[in-house]
Amino acid sequence: MKTNLELLQIAEELILPLVTPHVPEGTEIQAVIEQWIHAIATDSQFYSNPEVASAEDIKKQVVLLLQKSSVFVDQKVSSIWFLKT
């Protein structure tokens with residue numbers, strides 16, 4: 001079984017290719033990755049570049065990706081480890 005830290009690292013690696021087009025100029029990629037993970041954990045809105053995808057659409061894509069990779073089960077279960085990490 002993977003530790004919370006390992007799961008968080010996997011989640012960050014999986015999210016990286018999707019997050020890159022949404023990072024505003026002058027912002028660190030890690031900041032947007034952390035915002036997305038926090039948004040999943042708290043069921044709040046993603047930051048997104050609306051020219052690329054809506055916040056709602058990209059959040060659905062990310063959650064589906066994390067679910068397929070067994071990193072995220074559902075908001076109720078996963079928010080605990082996302083927030084503790």
Side-chain angles (χ1 to χ4, degrees):
M1 186 167 169
K2 297 194 183 308
T3 66
N4 290 349
L5 182 57
E6 290 170 323
L7 289 172
L8 183 60
Q9 290 170 334
I10 292 167
E12 289 180 356
E13 290 170 10
L14 291 168
I15 290 172
L16 181 61
L18 294 173
V19 82
T20 303
H22 296 277
V23 177
E25 187 176 326
T27 301
E28 295 289 327
I29 291 173
Q30 188 63 32
V32 179
I33 289 172
E34 290 173 7
Q35 191 277 325
W36 283 13
I37 289 173
H38 181 78
I40 292 169
T42 59
D43 196 26
S44 55
Q45 187 172 357
F46 267 35
Y47 171 81
S48 73
N49 176 349
E51 294 178 6
V52 177
S54 72
E56 185 177 309
D57 288 344
I58 194 66
K59 184 176 181 179
K60 287 178 186 176
Q61 289 177 20
V62 170
V63 168
L64 183 61
L65 174 66
L66 296 178
Q67 286 172 335
K68 285 182 177 179
S69 303
S70 300
V71 175
F72 178 84
V73 178
D74 62 36
Q75 203 274 331
K76 184 176 180 180
V77 172
S78 296
S79 65
I80 296 167
W81 70 261
F82 271 134
L83 293 172
K84 285 184 176 178
T85 313

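- I10 is connected to L16 through a chain of hydrophobic side-chain contacts under 4.5 Å among Ile, Leu, Val, Met, Phe, Trp and Tyr, so both are in one cluster.
- We find the CD1-CD1 distance between I15 and I29 to be 12.5 Å, quoted to the nearest 0.5 Å.
- Screening D57, V63, I40 for a side-chain contact (heavy atoms from CB on, under 4.5 Å) involving F46 leaves a single residue, I40.
- No side-chain donor-acceptor contact under 3.5 Å links Q45 to the backbone of A55.
- Counting non-hydrogen atoms of other residues, nucleotides and ligands closer than 6.0 Å to CD of Q61 gives a total above 12.
- A distance of 15.5 Å separates CD1 of I33 from NE2 of H38, quoted to the nearest 0.5 Å.
- Residues in residues 5-24 take part in these ring-ring contact (aromatic ring centres under 6.0 Å, His included) pairs, two or more places apart or across chains: H22-W36.
- For the atom pair CG (L14) and CG (L66), the distance works out to 6.0 Å, reported to the nearest 0.5 Å.
- What you find for P21 and N49 is that their closest heavy atoms are O-ND2, 3.5 Å.
- Shortest non-hydrogen contact noted between A53 and S48 is O-OG, 3.2 Å.
- No hydrogens or angles considered: a donor-acceptor pair under 3.5 Å links the side chains of Q30 and E34.
- Not counting sequence neighbours, the partners of T27 by the side chain to side chain contact (heavy atoms under 4.5 Å, CB included) test are V23, P24, A31, V32.
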